[in-house]
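Taking it in order: structure first as structure tokens, then the write-up.
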Amino acid sequence: MADATSNKPRPRPAAPAAPRQPQRPAKQGPAPGKLPVPAMIAFVVALVAVVALVALLVLSHTPVLRITAIDVESTEHISAESIAKLARVEEGTTLLNVDIDSVVESVKRNPWVEDVQITREFPDRLKIEVTERKPGAIVLMSSGTIGWYVAADGTWIEPFNIEVGANQTVVDAAQQKAIEVGCRIVTDVPAEVVPEAGKVAEDASLQAVLSYLSEFSEDFAATIVRFSAPSRESISCTLESGVEVSLGAPTNVATKEAIVTQILAEHPDKITYINVRIPSRPSYREVGTDSVQEGTGALAEDEYAEPQSLEDDDSWYYGQHSDMPEGLVWGEDYYDASTDTNYEYQPETDSYITW
């Protein structure tokens, strides 16, 4: 007999259970009372800064770092004692609270001082190093025996009395002093020039001299022993060889130097006077002659292209005419501002040229 249960349908097998996805732990905020990590870092940095500031304030007033000595060496014109007094470092100042800028400014009140370097030397010393200005020229005032040192940057440094020896002129004595110092002298400056120690010379004639010195080559400038500076347009110089050079206003400086150098090279030991006021029309005078020769003209954009003899060019040569400017003193150079005309006296012909 058949099993009664054999005809019953078999139950379907159960579907496999879906795999469970792992669950990520939920993000938890900072525990109550705790700061996030970035905030914690910022707090620590700020705390360190505050502690360092407090420590600095404490150390800046501690006797251990108090300045007890100032190390400074005398320069050629300023004693170590004077420099220390100029520094004005008050008693009780420490290396950490000393005002370096104030010390530098105070020391620079002396017009000889060009630069100041300050060094802290722990635990209790301050070192001051001074660089002096070098005189670029000695300016002779219009009267007396007073000379003024002027730096290459035009700063009036200080006056001094020119000691004139036996059989010496003031100019000779000043020139001897300039040679010792390593500069040159400037004479014939206008009477209205009023020097002031520590101030920059603003007079046009002195500025013209400084322009020439800055634009001449070092080798050529070294051969100049004297400048005459009655006005900006009437600058002249004397070389160590004794040659006088009429320069005029400080324009085309390199060209003027080249012409002077060329004339001297072509006529060694034979030249007494060179005129390069107008580079395209240079002239010179030789030893033992009263006549002025023409040199080779150097072209400039605002000057004549072809050199001509003085006598043949009526537009350039100006003799003893009755219509000379009212302010002109015969025998002296003159600039007429109303017509923008320069009148240059020519002693060899007792006449004038204009340009």
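Index from 1, following the sequence.
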Going through the distances and angles, do Ser217 and Asp219 end up as a side chain to side chain donor-acceptor pair (under 3.5 Å)?
CA-CA 5 Å; Ser217 67; Asp219 290 341; 5.6 Å; no
Compare every heavy atom of [Y] with every heavy atom of [X], then report the nearest pair and how far apart it is.
X	Y	result
Ile138	Ala174	CD1-O, 4.3 Å
Arg125	Leu95	O-CD2, 3.3 Å
Arg226	Gln175	CB-OE1, 4.0 Å
Gly136	Cys183	O-CB, 3.5 Å
Thr272	Glu286	OG1-O, 4.1 Å
Tyr212	Ala249	OH-O, 2.7 Å

For the residue pair [X] and [Y], establish whether any side-chain heavy-atom pair is separated by less than 4.5 Å.
X	Y	result
Leu247	Cys237	yes
Tyr284	Lys270	no
Pro135	Trp112	yes
Val186	Val150	no
Phe122	Leu96	yes
Glu105	Lys108	no
Asp203	Pro190	yes
Ile235	Val209	yes

Does atom [atom1] ([X]) have a neighbourhood of more than 12 heavy atoms from anything else shown, all under 6.0 Å?
X	atom1	answer
Gln168	CD	yes
Glu90	CD	no
Glu163	CD	no
Glu81	CD	no
Arg109	CZ	yes
Asn161	CG	yes

[atom1]-[atom2] distance between [X] and [Y], expressed to the nearest 0.5 angstrom:
X	Y	atom1	atom2	result
Ser102	Ile118	OG	CD1	10.0 Å
Ile259	Ile274	CD1	CD1	10.0 Å
Thr119	Leu126	OG1	CG	8.0 Å
Arg88	Thr93	CZ	OG1	12.0 Å
Arg66	Asn97	CZ	CG	9.5 Å
Phe220	Lys256	CZ	NZ	11.5 Å

Just by modelled atom types, is the [Y] backbone N or O under 3.5 Å from a matching donor or acceptor in the [X] side chain?
X	Y	answer
Ser74	Ala80	yes
Gln207	Ala201	yes
Arg277	Glu233	yes
Arg133	Val113	yes

Just by distance, no angles: are the side chains of Thr131 and Asp115 close enough, under 3.5 Å, to form a donor-acceptor pair?
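Looking only at side-chain atoms, Asp115 and Thr131 do not form any donor-acceptor pair under 3.5 Å.
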Residue pair Ile162, Lys177: steps toward the side chain to side chain contact (heavy atoms under 4.5 Å, CB included) verdict:
CA-CA 8 Å; Ile162 301 170; Lys177 180 66 174 179; over 6 Å; no
Assigning hydrophobic clusters by single linkage (Ile, Leu, Val, Met, Phe, Trp, Tyr; side-chain heavy-atom cutoff under 4.5 Å), is Val225 placed with Val189?
no
Please work out whether the ring planes of Trp148 and Trp156 are parallel, tilted or perpendicular, with thresholds of 30° and 60°.
perpendicular
Should Tyr273 and Ser246 be marked as a side chain to side chain contact (heavy atoms under 4.5 Å, CB included) after you check the CA-CA gap, both sets of side-chain angles, and the distance that decides it?
CA-CA 8 Å; Tyr273 172 81; Ser246 181; 3.7 Å; yes
With Asn110, the side-chain contact (heavy atoms from CB on, under 4.5 Å) member among Leu86, Ile157, Thr75
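Testing Asn110 for a side-chain contact (heavy atoms from CB on, under 4.5 Å) against Leu86, Ile157, Thr75 leaves exactly one candidate, Leu86.
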